[in-house]
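Working notes, beginning with the structure itself.
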Amino acid sequence: MSSVFQAPRGIPDYLPPNSSRFLAVRDELTRAARLAGYSHIELPVFEDTALFARGVGESTDVVSKEMYTFADRGDRSVTLRPEGTAGVMRAVLQHGLDRGQLPIKLSYHGPFFRYEKPQTGRYRQLQQVGVEAIGVDDPALDAEVIAVADEGFRRCGLRGYRLEITTLGDDTCRPAYREALQQFLFGLDLDPETRRRAEINPLRVLDDKRPEIKAATADAPLMIDFLSDSVRDNFAAVRGHLDRLGVAYEVNPRLVRGLDYYTKTTFEFVHDGLGAQSGIGGGGRYDGLMSQLGGKQELSGIGFGLGVDRTVLALDAEAVPDTTSARCRVYGVPMGEAALDRLVVIAGELRSKGVSIDIAYGGRALKGAMKGADRSGARLALVLGDRELESGQIEIKDLADGSQRTVALDTVVDDVVATVG
Ligand code: HAM
């Protein structure tokens with residue numbers, strides 16, 4: 001049946017059977033964060049527009065082209081969250097979490113919204129699992145955040161990805177680099193908009209995907225050649241921790257992230273089986289963000305956002321078997337109303353003991369109901385008719401080998417639990 005309504009362009013639906021893999025990926029990525037002490041934070045789906053404009057950066061594509069911004073009924077400008085870091089920082093400041101023990105370690109998951117051009121792996125509503133560790137600047141913590149992401153992907157069963165890392169410097173070396181980069185960029189024949197970008201935030205120009213800009217900036221100076229001693233040591237320490245943790249990485253000095261708040265350690269996980277949208281997750285340190293958002297004390301932070309949608313696509317691309325389906329272990333086949341009444345009770349008892357069971361509802365004939373049982377992928381079928389009811393018995397059919405046995409109705413729950421529980 002075709003519908004009058006369609007989901008808005010670029011907004012995915014998560015349908016069975018793939019939806020169970022989506023949930024499993026989200027849960028495994030979150031589990032990796034829990035194992036390292038990150039607590040859940042649930043954030044609003046929309047916030048003050050100014051929070052993102054200031055936090056993410058006016059010169060980014062995310063803010064200048066991709067935000068879902070609208071006036072609410074009170075004429076306040078609000079924006080559907082395009083990412084999670086700015087909202088976490090806002091919540092930390094608003095609730096004074098920064099006065100407690102540091103680092104504050106938080107994780108979140110849910111939908112984010114970016115008005116991008118839709119294609120495979122690029123949606124206007126995208127799902128992320130993210131973590132933020134706020135208030136401690138320690139290379140071991142940088143390595144932990146990266147290792148948690150790596151562990152999350154591994155827990156999902158993903159193997160064929162690469163981790164790229166770099167350092168984007170800090171106040172001790174960024175200004176000199178910025179100047180050198182601007183000098184280089186001003187020497188190029190740039191269109192007015194790109195030139196304006198070079199003036200506001202020259203690093204953004206290195207993130208330009210247009211081939212002609214990529215070619216023109218191929219020899220641009222790199223941050224990695226301008227590092228101060230302290231940043232160089234910091235980056236070496238992060239790499240040392242990653243080596244000891246056994247997390248493989250490659251240093252990519254040309255790595256530029258799409259958001260403005262990054263400083264020092266910055267990273268991206270890339271999967272080569274995904275075509276153009278190959279970034280399955282990324283993050284980094286953002287030491288200036290808190291003061292940018294009005295925090296009185298300057299607290300550093302580091303975190304990541306992992307793309308749940310792209311991780312699911314990457315698992316499919318690697319042909320990792322999906323063991324997450326919501327199939328029931330048992331399928332009830334009632335022949336008649338009295339049998340249905342009894343099977344409904346048996347199903348309730350089985351579920352309360354943790355055994356999943358579905359029932360052939362709708363008064364189906366035996367043949368059709370058994371076909372449904374086979375199709376359901378269940379391990380056992382419980383077949384109950386008037387004759388069995390009268391004799392206080394029920395038939396258990398093993399759907400894998402076709403064998404059948406009859407057991408007492410009073411003991412069927414224990415019997416099934418022992419078989420498949
Ligand atoms: P991001 O790199 O913009 O970082 O997004 C993180 C991940 O979300 C990407 O690597 C990608 O897998 C996924 N993603 C982004 N846009 C889309 C899209 N349109 N469709 C599908 N998936 C997408 C952040 O958002 C930062 N807040 C991460 C962070 C946290 N940095 C520090 N803390």
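Counting begins at 1 with the first residue of the sequence.
Under the salt bridge (Lys or Arg N to Asp or Glu O under 4.0 Å) criterion, Arg254 pairs with no residue at all, not counting sequence neighbours. With sequence neighbours excluded, the residues satisfying side-chain contact (heavy atoms from CB on, under 4.5 Å) with Asp138 are Val136, Ala140, Leu141. In this structure His109 satisfies the ring-ring contact (aromatic ring centres under 6.0 Å, His included) test together with His40, sequence neighbours excluded. Residues passing the side-chain hydrogen bond (donor to acceptor under 3.5 Å, both in side chains) test with Arg232 are Asp229, sequence neighbours excluded. Partners of Asp260 by salt bridge (Lys or Arg N to Asp or Glu O under 4.0 Å), not counting sequence neighbours, listed by chain and number: Arg204. Partners of Asp415 by side-chain contact (heavy atoms from CB on, under 4.5 Å), not counting sequence neighbours, listed by chain and number: Ile396, Arg405, Val407, Thr419. Not counting sequence neighbours, Asp170 has no partner by the salt bridge (Lys or Arg N to Asp or Glu O under 4.0 Å) test. Residues that satisfy the salt bridge (Lys or Arg N to Asp or Glu O under 4.0 Å) test with Asp191, not counting sequence neighbours, are Arg210. Under the side-chain contact (heavy atoms from CB on, under 4.5 Å) criterion, Ser356 pairs with Cys328, Arg329, not counting sequence neighbours.
Atoms CD1 and CG, from Ile359 and Leu343 in turn, are 5.5 Å apart once rounded to the nearest 0.5 Å. Interatomic distance, Ser39 OG to Arg34 CZ, rounded to the nearest 0.5 Å: 7.0 Å. A distance of 14.5 Å separates OH of Tyr68 from CZ of Arg81, quoted to the nearest 0.5 Å. Here Thr194 contributes atom OG1 and Glu199 contributes atom CD; the two are 11.5 Å apart, rounded to the nearest 0.5 Å. Residue Thr265 holds its OG1 atom at 10.5 Å from NE2 of His241, rounded to the nearest 0.5 Å. The distance from atom CZ of Phe269 to atom CD1 of Ile146, rounded to the nearest 0.5 Å, is 6.5 Å.
Here the side chains of Thr311 and Leu158 are in contact, with some heavy-atom distance below 4.5 Å. Taking 4.5 Å as the limit, some side-chain heavy atom of Phe153 sits within range of a side-chain heavy atom of Ile280. Within the 4.5 Å cutoff, side-chain heavy atoms of Ser278 are placed close to those of Val270. Between Asp207 and Leu203, every side-chain heavy-atom pair lies at or beyond the 4.5 Å cut-off. Annotation: side chain of Leu80 is not in contact with side chain of Phe112 (no heavy-atom distance under 4.5 Å). With a 4.5 Å cut-off on side-chain heavy atoms, Thr85 and Glu132 count as touching. A 4.5 Å side-chain heavy-atom check between Met290 and Val92 finds at least one atom pair inside the cut-off. Here the side chains of Tyr262 and Arg285 are not in contact, with every heavy-atom distance at 4.5 Å or above.
At least one donor-acceptor pair under 3.5 Å links the side chain of Asp72 to the backbone N or O of Arg76. In terms of modelled atom types and a separation under 3.5 Å, the side chain of Glu318 and the main chain of Gly160 share a donor-acceptor contact. No donor-acceptor distance shorter than 3.5 angstrom exists from the side chain of Gln277 to the backbone of Thr120, with no hydrogens or angles considered. One N or O on the side chain of Asp309 and one on the backbone of Gln127 form a donor-acceptor pair closer than 3.5 Å. Under a 3.5 Å cut-off, the side chain of Thr263 and the backbone N or O of Asp287 do form a donor-acceptor pair. Here the side chain of Thr217 pairs no donor or acceptor atom with the backbone of Leu206 at under 3.5 angstrom.
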Self-check item: Step-by-step side-chain hydrogen bond (donor to acceptor under 3.5 Å, both in side chains) determination, Ser325 to Ser20
Solution: CA-CA 6 Å; Ser325 93; Ser20 63; 5.7 Å; no

Quiz item: What's the verdict on side-chain contact (heavy atoms from CB on, under 4.5 Å) for Leu259 and Glu83, showing C-alpha distance, side-chain angles and the deciding distance?
Solution: CA-CA 10 Å; Leu259 314 161; Glu83 62 96 52; 4.2 Å; yes

Quiz prompt | Stepwise side-chain contact (heavy atoms from CB on, under 4.5 Å) test for Arg197 and Leu190 | solution = CA-CA 10 Å; Arg197 273 197 161 174; Leu190 298 173; over 6 Å; no

Self-check item: Pair Ile346-Val344, side-chain contact (heavy atoms from CB on, under 4.5 Å): steps then yes or no
Solution: CA-CA 6 Å; Ile346 291 171; Val344 164; over 6 Å; no

Quiz item: Yes or no on salt bridge (Lys or Arg N to Asp or Glu O under 4.0 Å) for Lys214 and Asp208, after CA distance, side-chain angles and deciding distance?
Solution: CA-CA 7 Å; Lys214 276 190 151 182; Asp208 200 310; over 6 Å; no

Exercise. Starting from the C-alpha separation in whole Å, work towards a yes-or-no answer on side-chain contact (heavy atoms from CB on, under 4.5 Å) for Leu255 and Ile165.
Key: CA-CA 7 Å; Leu255 179 64; Ile165 64 171; 5.8 Å; no

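Nearest heavy atom pair, residue Thr49 against residue Ser77, reads OG1-OG, 2.7 Å. What you find for Pro253 and Thr166 is that their closest heavy atoms are CA-OG1, 3.6 Å. The shortest non-hydrogen separation linking Ala91 to Leu43 is CB-CD2, 4.3 Å. Heavy-atom minimum distance, Phe267 versus Leu163: CB-CD1, 3.9 Å. Of all heavy-atom pairs spanning Ala147 and Leu245, the tightest one is CB-CD1, 3.8 Å. Closest of all the heavy-atom pairs between Tyr161 and His271 is CB-CD2, 4.1 Å.
For Arg327, the CZ atom counts as loosely surrounded, since its 6.0 Å shell holds 12 or fewer non-hydrogen atoms of other residues, nucleotides or ligands.
Annotation: Tyr14 is in aromatic contact with Phe22 [ring centroid separation under 6.0 Å].
The salt bridge (charged side-chain N to carboxylate O under 4.0 Å, His left out) pairs that include a residue from residues 89-98 are Glu47-Arg90, where partners are two or more places apart or lie in different chains. Residue pairs meeting the salt bridge (charged side-chain N to carboxylate O under 4.0 Å, His left out) criterion with at least one member in residues 145-159, sequence neighbours excluded: Glu28-Arg155, Asp150-Arg154, Glu151-Arg155. Identified under the salt bridge (charged side-chain N to carboxylate O under 4.0 Å, His left out) test for residues 99-117, with sequence neighbours left out: Lys105-Glu144.
Side chains of Gln292 and Tyr286: no donor on one and acceptor on the other come within 3.5 Å.
Among Asp137, Asp142, Asp233, the one residue that satisfies the salt bridge (charged side-chain N to carboxylate O under 4.0 Å, His left out) test with Lys264 is Asp137.
One finds no salt bridge joining Asp75 and Arg73 here, because no Lys/Arg side-chain nitrogen approaches an Asp/Glu carboxylate oxygen to under 4.0 Å. Taking the charged nitrogens against the carboxylate oxygens, Arg162 and Asp272 do have a contact shorter than 4.0 Å, which makes a salt bridge.
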